[in-house]
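Predicted model, so just to flag it, every value in this text is computed and none were measured. In the text below, chain A, chain B and the rest are named by the order of the sequence lines, each starting its count at 1.
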Amino acid sequence: MKYDFKKIEAKWQKKWEEEKLYQVDVKNSAKPFYNLMMFPYPSAEGLHVGNMYAFTGSDIYGRYQRLKGNDVFEPIGLDGFGIHSENFAIKNKIHPAEMAEKTQNNFYKQLHMIGNSYDWSKTLETYDPDYYKWTQWLFLQMYKKGLAYKKKAAVNWCPSCMTVLSDEQVEAGLCERCKTEVVKKDMSQWFFKITDYAEKLLKNIDKIDWTEKTKVAQKNWIGKSEGAEINFQVPMTNDQSNPKSQITNLTVFTTRPDTLFGCTYLVLSPEHKFIEENKEKIENWNEVEEYIKKAKEKTDQERTNEKTGVELKGIKAVNRANKKEIPIFVADYVLSGYGTGAIMAVPAHDERDFEFAQKYDLEIVEVVEPEKKVKIAEQKCYTGDGILINSGKFDGMKNVEAKKAITEFVGGKFKINYKLRDWCISRQRFWGPPIPIAYCEKCGTVPVPEKDLPVLLPKTDDYMPDGTDRSPLARNEKFVETKCPKCGGDAKRETDVSDTFLDSSWYFLRYPSVDIKDQPFDKEITKKWLPVDMYIGGHEHAVLHLLYTRFVTMVLYDLGMVDFEEPFKKFRAHGLIIKDGAKMSKSKGNVINPDDYIEKYGADVLRTYLMFIGPLKQGGDFRDEGVVGIERFFGRLFFLVSKTLNSLGNEKHFEIERNKLIKKATNDIENLDYNTIIASLMEFLNLLDKQKEKISKKDLETLIIILSPLAPHFCEEMWEMLGNKESVFKVTWPEFDENKTKEAKIKLIIQVNGKVRDFMEVNNDISEEKASELVQKREKIMKFIAGKKIKKIIFVKGRLINIVI
RNA sequence: GCCCAGGUGGUGGAAUGGUAUACACGCAGGACUUAAAAUCCUGUGACCGCAAGGUCUUGAGGGUUCGAGUCCCUCCCUGGGCACCA
């Protein structure tokens, strides 16, 4: 009997569909379990093996939860709206809408083939007006709550994609999609005030069960730092008789107020408004103006290369701590968007200031002395903790304590800053949800009323970006011209569309409610199914998607629309699949197309092989030669099942081994360590295979149930062959008995001085005295201990005995 | 530079502080076959040895421990993230 995977896989996929095995009753489910995988953005090239790896990893967990008796909801959809899909369409000279249709068919077809337990009655696509209507609705909720605002700002502009990008979409100065160098551009854009939620986003991290790595990445991105704002007075006149009226304050933010006595100059960012406001006082204005102009043209990358700056001649600031007059510089190593855009420079204890001071030969005053002698590398300065010196009455104080004391001494204000900045959601592109705003000459900015949603994306062939800072929609008069929802007069529509990350920021809320037409999500259904029980996805979304979903959920919570603040109870990041030790790429020609392997080996073999490569969280190296290992394993198992059906006699039970297997598999599947489950199943099969008597049905069934989440079609078939009428996914995951996981007889390890010298077959519960007595009579051991004094004996019950001489 | 995750046979990878190298691939030898493929059996970390057996081995070096791949310290390398955030 041969294992005909093609026939078997088609048969069970059809059966599952007919029986609606994976469809949940969203309203009446008794034990809801929401098992979610990050939905893919589809390309017409189809499902990548990396997608399949992640989806299968998630599906196995879902199928396991189903076997544990839960009503598992495992939906799938497509994140096909947005710049990635649009760029792909443009590259292939196909209209994005047409491309979406094509890729949808292709993707869904492929997704059927891999045998996941998706509820196909609840799919969603972000470009579907039924979906993006509610994305626009979400924008309106933000707007109503004062969390959406339009502002002119220096934003990230990708000259190649011809759109702005959020800070999160810029990687090391490059566009995350096309790797073009991003430039700064002053533009009027829509933002979401995610910064209002900085503290909550940070605090809640400790409460959620997420991959540690992801949590750390979010914490760093939010970047909380505690410090103080300190004022420096800048006298603007030499007229000593009336100095007060001419004093301006410059405020700096610092996390090291303890080093204030070591501050020898101030630095302003080129964008700081103080400079422009006081240009008459600056003696070298031409030089300064020139410097600022140049700095603004630089990319972020160029700014970091070398520190440059110019002194504002003719004005000085006063360090309140020691009343010293210090120079003021403008330098582009100070960022305008963080803190106050101005810093106090302490070259003795800050590496950047040190570098700058060395270059421009500025005064360096040490104020913190390390308590223990530490080596400081040449061309470096001491940034650690210590004892204050050269700090007036604070000398001798620990710097950590001085932070508060000195801040209070100079009347500074304690302040917390975050690196997180507001989320820029405007995109000057076509393929996205139009931002639902109208501009009326009389009424100003007017949101489109909810009843008028969706603001449909026009059907037009004029969708190419033109390199201006306006969306292609701005060229579409029919779209632009509208009536003011407030006064009925002439108005113009907002022509930008929203960021694709807004589409994906709430999709998990929509899935259970896709059938609801008059609301984005039904309150009761949402209460039943959310938050998501298990979310699996790529770590690359640690600070983009995952931060936005948390923010959106918090806002909806504050609006009273959901009763939870965190969208995902549990999140696990999967690793990446590489090929023969190298990253897969089209140029290398080492891209794996799952279809080829499904054709050759079947979906189950591919699924199981992918999981066998390594732990899901780690990813692994795909090697063609490796696949046959799984193929052989399946072949042997299938043969054994066939053989068992025809054999006679008493059944041989491997009770201990079976219980051990269940214990290991249960533990590993919870941790997504599927590779070791497969290894254990192979070991168990090797055991069954070797023995001559009739295999017990129980042992075989246990093996099949444990394998079923990995190889669902194959296991259904074998399950049926064993005479079972119902799906294997309707049975219960096997339980183990702890007492039956231990053998009665064990091979006790005998060590001398920690080195293994011998073994001894004994009862599991042998006492130390008895073991010690027996061991010392053994010939091999006597050889080692003869004539020596035994210092002590270490006995680990059921494991080993170690004689120390 | 900072923060994570790693570094184990020819390869992918296993190991609650307790037999390092499970499981699988590959390789070698054998069985079946006219032959090949498939399948099955045996072996497979290195070194010494005919063997029994012994010595060494988890990136490097120290330490803790009866015992360290696992814990601690110093360092090197690889992958990923952040990066002038004061």
Look at the side-chain N and O atoms of [X] and state whether any lies under 4.0 Å from the OP1 or OP2 oxygen of [N].
X         : N      : value
Lys215(A) : A5(B)  : no
Lys792(A) : C66(B) : yes
Arg632(A) : G26(B) : yes
Lys755(A) : C56(B) : yes
Arg799(A) : G17(B) : no

When the [atom1] atoms of [N] and [M] are considered, how many whole Å apart are they?
N      : M      : atom1 : result
A38(B) : U70(B) : P     : 41 Å
C2(B)  : A14(B) : P     : 30 Å
A20(B) : U57(B) : P     : 12 Å
G45(B) : U21(B) : P     : 10 Å
U8(B)  : G69(B) : C1'   : 7 Å
C23(B) : U16(B) : P     : 16 Å
C48(B) : G10(B) : P     : 16 Å
U64(B) : U44(B) : C1'   : 37 Å

Exercise for review: Consider the side chain of Thr255(A), meaning its heavy atoms from C-beta on, and name the nucleotide among A83(B), A86(B), U19(B) that approaches it most closely.
Suggested key: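 It is A86(B).
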Check your understanding: Taking the side chain of Thr254(A) as its heavy atoms from C-beta onward, which of G12(B), C25(B), A86(B) lies nearest to it?
Key ->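 Minimum distance to the Thr254(A) side chain belongs to A86(B).
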Review point. Tell me, which of residues 671-679 of chain A have any heavy atom that sits under 4.0 Å from an atom in RNA chain B?
Key: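 RNA chain B contact set from residues 671-679 of chain A: Asn675(A), Thr676(A), Ala679(A).
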Check your understanding: Does anything in residues 335-345 of chain A reach RNA chain B, meaning a heavy atom under 4.0 Å, and if so which residues?
Key ->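 Under 4.0 Å from RNA chain B: Leu335(A), Tyr338(A), Ile343(A).
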Touch class at under 4.0 angstrom, heavy-atom based, for [X] against every strand present:
X         : result
Lys419(A) : base
Val796(A) : base
Phe612(A) : base
Ile613(A) : sugar-phosphate
Lys583(A) : sugar-phosphate
Asn686(A) : sugar-phosphate
Phe633(A) : nothing
Arg623(A) : sugar-phosphate
Val346(A) : nothing
Lys791(A) : nothing

Once you apply the 3.5 Å cut-off to both distances, tell me the Watson-Crick or G-U wobble partner of [N], or none.
N      : value
A28(B) : U42(B)
C75(B) : G59(B)
U70(B) : none
A22(B) : none
U64(B) : none
C2(B)  : G81(B)
A51(B) : none

Exercise for review: Determine, step by step, whether Tyr360(A) and Glu311(A) satisfy the side chain to side chain donor-acceptor pair (under 3.5 Å) criterion, reporting the C-alpha distance in whole Å, the side-chain angles of both residues, the deciding distance to 0.1 Å, and the verdict.
Suggested key: CA-CA 10 Å; Tyr360(A) 292 98; Glu311(A) 187 180 349; over 6 Å; no
Check your understanding: Reading nucleotides 44-50 of chain B from the 5' end, what letters show protein touch, with B for base, S for backbone sugar-phosphate only, - for no heavy atom under 4.0 Å?
Key -> -------
Report yes or no: do [X] and [Y] form a side-chain donor-acceptor pair below 3.5 Å?
X         : Y         : value
Ser225(A) : Asn417(A) : no
Gln776(A) : Ser772(A) : yes
Asn659(A) : Thr741(A) : no

Check your understanding: Given atom CG of Leu681(A) and atom P of A24(B), what is their separation to the nearest angstrom?
Key ->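 Spelled out: CG on Leu681(A) to P on A24(B) is 12 Å.
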Point to revise | Between P of C23(B) and CD of Glu625(A), the distance in whole Å | key: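 Glu625(A) atom CD is separated from C23(B) atom P by 20 Å.
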**Study point:** Set of residues satisfying side-chain contact (heavy atoms from CB on, under 4.5 Å) with respect to Asn764(A), sequence neighbours excluded
**Key:**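 Applying side-chain contact (heavy atoms from CB on, under 4.5 Å) to Asn764(A) gives Lys742(A), Ile746(A).
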Exercise for review: Only counting residues at least two apart or in another chain, list the ones meeting side-chain contact (heavy atoms from CB on, under 4.5 Å) with Lys780(A).
Suggested key: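 For Lys780(A), the residues satisfying side-chain contact (heavy atoms from CB on, under 4.5 Å) (neighbours in sequence not counted) are Asp758(A).
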Exercise for review: Could you note down all residue pairs passing salt bridge (charged side-chain N to carboxylate O under 4.0 Å, His left out) where residues 210-219 of chain A supplies at least one of them, sequence neighbours left out?
Suggested key: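 For residues 210-219 of chain A, and leaving out neighbouring residues, the salt bridge (charged side-chain N to carboxylate O under 4.0 Å, His left out) pairs sorted by first residue read Asp206(A)-Lys219(A).
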Exercise for review: Scan for salt bridge (charged side-chain N to carboxylate O under 4.0 Å, His left out) pairs involving residues 605-615 of chain A, sequence neighbours excluded, and state none if there are none.
Suggested key: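 As it turns out, the salt bridge (charged side-chain N to carboxylate O under 4.0 Å, His left out) pairs with a partner in residues 605-615 of chain A, which skip direct neighbours, are Asp59(A)-Arg607(A).
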Review point. With sequence neighbours left out, which residue pairs that include part of residues 616-635 of chain A fulfil the side chain to side chain donor-acceptor pair (under 3.5 Å) condition?
Key: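 Found Tyr597(A)-Asp624(A), Lys617(A)-Asp673(A), Asp621(A)-Arg623(A).
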Check your understanding: Is the side chain of Asp332(A) donor-acceptor paired with the backbone N or O of Ala295(A) at a distance under 3.5 Å, no angle test?
Key ->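 Answer holds: no.
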**Study point:** Where the chi angle of G26(B) falls, syn if within 90° of 0 and anti if not
**Key:**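 Anti conformation here, the glycosidic angle of G26(B) being more than 90° from 0.
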Side chains of residues 259-268 of chain A: which donor-acceptor partners sit under 3.5 Å, not counting sequence neighbours?
residue	atom	partner	partner atom	Å
Thr259(A)	OG1	Arg256(A)	O	2.8
Thr264(A)	OG1	Glu363(A)	O	2.8
Tyr265(A)	OH	Asp353(A)	O	3.0

**Study point:** Within the 6.0 Å centroid threshold, strictly below: Tyr601(A) and Tyr609(A)
**Key:**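 For Tyr601(A) and Tyr609(A), the ring centres are not under 6.0 Å apart.
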Exercise for review: Determine whether the aromatic ring centres of Phe191(A) and Trp423(A) lie less than 6.0 Å apart.
Suggested key: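 No, ring centres 6.0 Å or more apart.
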Check your understanding: So among Phe714(A), Phe634(A), Tyr674(A), which one has a side chain to side chain contact (heavy atoms under 4.5 Å, CB included) with Thr608(A)?
Key ->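 In the set Phe714(A), Phe634(A), Tyr674(A), the residue that makes a side chain to side chain contact (heavy atoms under 4.5 Å, CB included) with Thr608(A) is Phe634(A).
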**Study point:** Cationic tip of Lys579(A) above Phe622(A) ring, under 6.0 Å, 45° of axis
**Key:**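 The answer is no, since Lys579(A) fails at least one limit relative to Phe622(A).
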Point to revise | Partners passing ring-ring contact (aromatic ring centres under 6.0 Å, His included) against Tyr291(A) (at least two apart in sequence or in another chain) | key: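 For Tyr291(A), no residue satisfies ring-ring contact (aromatic ring centres under 6.0 Å, His included) once neighbours in sequence are set aside.
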Considering only nitrogen or oxygen atoms on both sides, find all protein atoms under 3.5 Å from nucleotides 67-70 of chain B and state each distance.
none

Please list, one pair per line, the donor and acceptor atoms closer than 3.5 Å that link side chains of residues 793-805 of chain A to other protein atoms, with sequence neighbours excluded.
residue	atom	partner	partner atom	Å
Asn802(A)	OD1	Asn753(A)	N	3.3
Asn802(A)	OD1	Gly754(A)	N	2.9

